[in-house]
Amino acid sequence: MTTYTARPITPSALRELRTADDAGRPLSPFTDEEGGAPLRCCLRSSGPGERIALVSYAPLRRWAAGTGADPGAYDEQGPVFVHAEDCAGPDGDGRPFASAHRIVRRYCADGHILGGQLVDAADDQALRNAFDDPAVALVHVRAVEYGCFLYEVRRA
């Protein structure tokens, strides 16, 4: 049973990102000829021929805007792939991008990093370990290769 839910980029944030990303750049869509790009809008890999875009996204900044947190120097933005147009969102399988090692990065309610852990999979056990610390308010699951944000997980 899956206890923790991966959260894609919200539809309202996607609407904004498709106009101008978090670095202020306009959307520059392209056709993904090969497929395999990790899409943060629907939490699956792109297929060959899909229209996608690489945008700059500041997940902690957007979370902090809704909570009143001040992440200070921990605020960062980085590249993420999204569909160039609206999509249906996740299909609900609960384990996106599960086939590789991941970093589980923990944040407190102020938006400061509390630590991170390299895990074989961002499964329930890894997330339970992260949320065992009562100071943890939010977790980012990130790719090991580039450190890119994949999705967030919040307390139930």
Side-chain angles (χ1 to χ4, degrees), residues 1-25 27 36-46 52-83 86-156:
M1 178 179 155
T2 300
T3 304
Y4 297 96
T5 303
R7 298 170 60 105
I9 298 175
T10 66
S12 61
L14 288 166
R15 280 190 295 279
E16 294 171 5
L17 293 169
R18 289 180 180 125
T19 299
D21 70 13
D22 287 344
R25 293 181 195 91
L27 190 70
L39 298 166
R40 280 39 163 242
C41 50
C42 55
L43 301 180
R44 67 169 177 81
S45 296
S46 63
I52 64 173
L54 184 62
V55 299
S56 184
Y57 179 58
L60 193 59
R61 182 183 314 157
R62 288 176 175 271
W63 171 80
T67 64
D70 179 11
Y74 293 101
D75 178 32
E76 60 185 334
Q77 63 188 32
V80 297
F81 289 101
V82 298
H83 276 114
D86 287 345
C87 71
D91 66 8
D93 71 359
R95 291 288 162 239
F97 318 122
S99 63
H101 288 83
R102 297 291 175 228
I103 299 293
V104 173
R105 188 183 293 170
R106 302 178 314 272
Y107 294 89
C108 69
D110 292 334
H112 298 184
I113 295 173
L114 293 176
Q117 181 180 13
L118 174 65
V119 297
D120 289 332
D123 58 13
D124 273 357
Q125 185 60 48
L127 294 167
R128 250 191 314 276
N129 290 344
F131 285 114
D132 275 350
D133 180 347
V136 173
L138 175 73
V139 167
H140 284 178
V141 175
R142 293 177 171 261
V144 172
E145 304 89 341
Y146 301 104
C148 297
F149 169 86
L150 291 172
Y151 56 89
E152 75 177 38
V153 179
R154 298 183 188 179
R155 287 193 179 279

Item to check | Flag, side chain of S56 to backbone of D21, donor-acceptor distance under 3.5 Å | outcome: no

Item to check | Proximity of Y107 and H140 rings by center, below 6.0 Å | outcome: yes

Checklist entry - Between R62 and E152, is there a salt bridge with N-O shorter than 4.0 Å? => result no

Checklist entry - Should R142 and E76 count as an ion pair when the cut-off is N to O under 4.0 Å? => result yes

Next on the checklist: Is there a side-chain contact (heavy atoms from CB on, under 4.5 Å) between V153 and T5? Walk through the geometry before answering.
Outcome noted: CA-CA 6 Å; V153 179; T5 303; over 6 Å; no

Item to check | Backbone of A69 reached by a side-chain donor or acceptor of D110 within 3.5 Å | outcome: no

Checklist entry - In Å, rounded to the nearest 0.5 Å, how long is the span from CG of L138 to OG1 of T67? => result 8.5 Å

Checklist entry - Heavy atoms, side chains only, cut-off 4.5 Å: are P96 and L150 in contact? => result no

Item to check | Any side-chain heavy-atom pair of C148 and P79 under 4.5 Å | outcome: yes

Checklist outcome for this item: To the nearest 0.5 Å, atom CZ of R106 lies from atom CG of L127 at 11.5 Å

Checklist outcome for this item: Nearest heavy-atom contact between P8 and A6 is CD-O, 3.7 Å

Item to check | Check: D124/T3 side-chain N/O donor and acceptor closer than 3.5 Å | outcome: yes

Item to check | Minimum side-chain heavy-atom gap V119-H101 below 4.5 Å | outcome: no

Next on the checklist: Using a strict threshold of under 4.0 Å (side-chain N to carboxylate O), is an ion pair present between D123 and R128?
Outcome noted: no

Next on the checklist: Quick check: do L27 and L17 have side-chain heavy atoms less than 4.5 Å from each other?
Outcome noted: no

Checklist entry - Quick check: does any side chain N or O of D22 sit under 3.5 Å from a backbone N or O of Y57, one acting as donor and the other as acceptor? => result no

Next on the checklist: On a heavy-atom basis, which atom in L60 and which in G111 lie closest, and how many Å separate them?
Outcome noted: CD2-O, 3.2 Å

Checklist entry - Are side-chain heavy atoms of Y151 and R7 found at a separation under 4.5 Å? => result no

Checklist entry - Does R155 reach the main-chain N or O of V136 with its side chain, forming a donor-acceptor pair under 3.5 Å? => result yes

Checklist entry - Considering all heavy atoms of both residues, which atom of W63 and which atom of C108 are nearest to each other, and what is their separation? => result CH2-O, 3.7 Å

Checklist entry - Can C41 and I9 be said to form a side-chain contact (heavy atoms from CB on, under 4.5 Å), step by step? => result CA-CA 5 Å; C41 50; I9 298 175; 5.6 Å; no

Item to check | Backbone N/O of I103 and side chain of R105: donor-acceptor pair under 3.5 Å | outcome: no

Checklist entry - Do F131 and Y4 have ring centres separated by under 6.0 Å? => result yes

Next on the checklist: Is it the case that the side chain of R18 and the backbone of A13 share a donor-acceptor pair, with hydrogens and angles ignored and the cut-off at 3.5 Å?
Outcome noted: no

Checklist entry - Could you give the distance from CG (D86) to CZ (R15), rounded to the nearest 0.5 Å? => result 7.5 Å

Checklist entry - Which distance, rounded to the nearest 0.5 Å, do you find between the OG of S45 and the CZ of F81? => result 10.5 Å

Checklist entry - Could you walk me through whether R44 and D91 pass the side-chain contact (heavy atoms from CB on, under 4.5 Å) check? => result CA-CA 9 Å; R44 67 169 177 81; D91 66 8; over 6 Å; no

